[in-house]
Amino acid sequence: MAAGQYENAGEYIAHHLVNLTYGRLPAGADLCYGGVNETTQWTLAGCASEAASMGFMAFHVDSLMWALGLGLLVMWLFRSAAKKAHAGVPGKFQCAIEMVVEFVADTTKEVFHGKTGAIAPIALTIFVWVFMMNLMKLVPVDLIPFPLELMGVNYQKIAATTDPNVTLGMAAFVLMLVIGFSIKVKGVGFIKELCLTPFHTWYLAPVNLVLEIVGLLSKPISLGLRLFGNMFAGEVIFLLIAALFGAGFIFLPLAAGLQVAWAIFHILVIVLQAFIFMVLTIVYLSMAHEEH
Amino acid sequence: MNFNLTFLGQIIAFAIFVWFCAKFVWPPLIGAIEERQKKIAEGLDSADQAAKDLELAQHEAAKKLQEAKHEAAAILDQANRRAAQLVEQGKTDAKEEGERIVSSARAEVDKEVNMAREELRRRVSELTIAGAEKILQTEIDEKKHSELLDKLTAEL
């Protein structure tokens, strides 16, 4: 599509994988178009290298904006349905919302044995939010970034789940919930559990602790990385196909066919990944409720 | 693809959304769903109950109808019997009455005959006496000859 602006397809793809970054550019960092930054300042990164120099003290404006925007959108949708919810004959909108709610409630009940009090709303939030963020991948890759670029916004990644910060952020919150629920349910028993499994003796407590903490951390990390990996890889393929459109007229039918096929496949993937993220979260939270 | 504050921002956003969902979205929706499920279950139950009641009522109605038919048949039968009986009795009564009339008429006739016979006898005895008077040219003392006369009368 817009590959003409770039020297080659690699550059096109690399450009589309950079987030719009606002952060603290330290003094002494190299600027994009030559020269060195003289004073530490908060600014929008002009290119990938500037964004890299900012390190941890930076925000991905696009990821946060899309994540928040889509989250607010679904929350508003569900809230407006919840406000009008009644036990009589539901309207079409209420029906649609209730289908999602019931699906999540049923899934939660299947996985989590016991009172699903706080788990189900967490699962619902994850499912609809991750789904919406994933859904942005079906928007053609240049539809939104290209007009924004014409207006002077250099970078724009609209699929927030292709940003590891977003997926790992969610996973980190899941980890907090796991620890929180473990302490709430088991109290001191949780610490004991960490120290006494798999080897049931206090002599091996440090070994147990290391093993258990690795196990504890690996769950949310794999959760976040799975979603990120799937979404990122899909995005790269979309970008490759988009680059193929710009490679010449001969490739147009091939590119169009691939685009359609990959998009249809991704309808499955985005729902599935949102579902997996939700189910695994429920599983981890139910494990937090159970004694070993 | 750098690891940065976006991570923390996402954690905070997630926490807020979860809180919002758990507080304002989930309870009313799941409440409405569960209440509707209860309503539907109750509705189905009462529909079943109504169907059962209907069946029972139909049974009852059929039984009543059958009973009524039986009763009607019995009444009809009884009435027929009664009618036949009445007719029979009427016949008997009429016959008896007839016989009675006939016999009383016969008695009347006998009485008349007897009376006529008495009369005749009396006349004959008178005639006889008169004949005898003429023949004898004498008065017959009634008192004297009454015995004889009575004997004669009895002989006639």
* Where is the tightest heavy-atom contact between B/C21 and A/M75, given as atom of each residue plus distance? ->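 Shortest heavy-atom separation between B/C21 and A/M75 comes out as CB-CE, 4.0 Å.
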* Identify the heavy atoms of B/R36 and A/G88 that sit nearest to each other, and give their distance. => NE-O, 2.9 Å
* Quick one: do B/F17 and A/L68 satisfy side chain to side chain contact (heavy atoms under 4.5 Å, CB included)? Show the steps, please. => CA-CA 9 Å; B/F17 283 142; A/L68 278 174; 4.3 Å; yes
Give, for atom [atom1] of [X] and atom [atom2] of [Y], the distance between the pair rounded to the nearest 0.5 Å.
{"X": "A/T125", "Y": "B/F20", "atom1": "OG1", "atom2": "CZ", "answer": "10.0 Å"}
{"X": "B/F24", "Y": "A/R79", "atom1": "CZ", "atom2": "CZ", "answer": "6.5 Å"}
{"X": "A/E102", "Y": "B/Q37", "atom1": "CD", "atom2": "CD", "answer": "5.5 Å"}
{"X": "B/N4", "Y": "A/M57", "atom1": "CG", "atom2": "CE", "answer": "10.0 Å"}

* Asked: Does A/H60 offer a backbone N or O that forms a donor-acceptor pair with the side chain of B/T6 under 3.5 Å?
  ->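 Pair found, side chain donor or acceptor close to backbone of A/H60.
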For [X], is it the side chain, the backbone, both or neither that has a heavy atom under 4.5 Å from a heavy atom of chain B?
{"X": "A/L177", "answer": "neither"}
{"X": "A/A58", "answer": "both"}
{"X": "A/A120", "answer": "both"}
{"X": "A/M54", "answer": "neither"}

* Asked: Yes or no on side chain to side chain contact (heavy atoms under 4.5 Å, CB included) for A/L124 and B/W26, after CA distance, side-chain angles and deciding distance?
  -> CA-CA 8 Å; A/L124 178 70; B/W26 186 264; 3.6 Å; yes
* Please state whether the rings of A/F56 and B/F3 are parallel, tilted or perpendicular, taking 30° and 60° as the class boundaries. =>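 A/F56 vs B/F3 ring planes: tilted.
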* Any B/I11 side-chain heavy atom under 4.5 Å of A/M170 side chain ->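 No, every pair of side-chain atoms sits at 4.5 Å or beyond.
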* To do: With the side chain counted from C-beta on, respond yes when B/F14 and A/V174 share a heavy-atom pair under 4.5 Å apart, and no when they do not.
  =>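 Heavy-atom side-chain distance check passes, below 4.5 Å.
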* At a heavy-atom separation under 4.5 Å, does B/I12 approach chain A through its side chain, its backbone, both, or neither? ->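 Neither the backbone nor the side chain of B/I12 comes within 4.5 Å of chain A.
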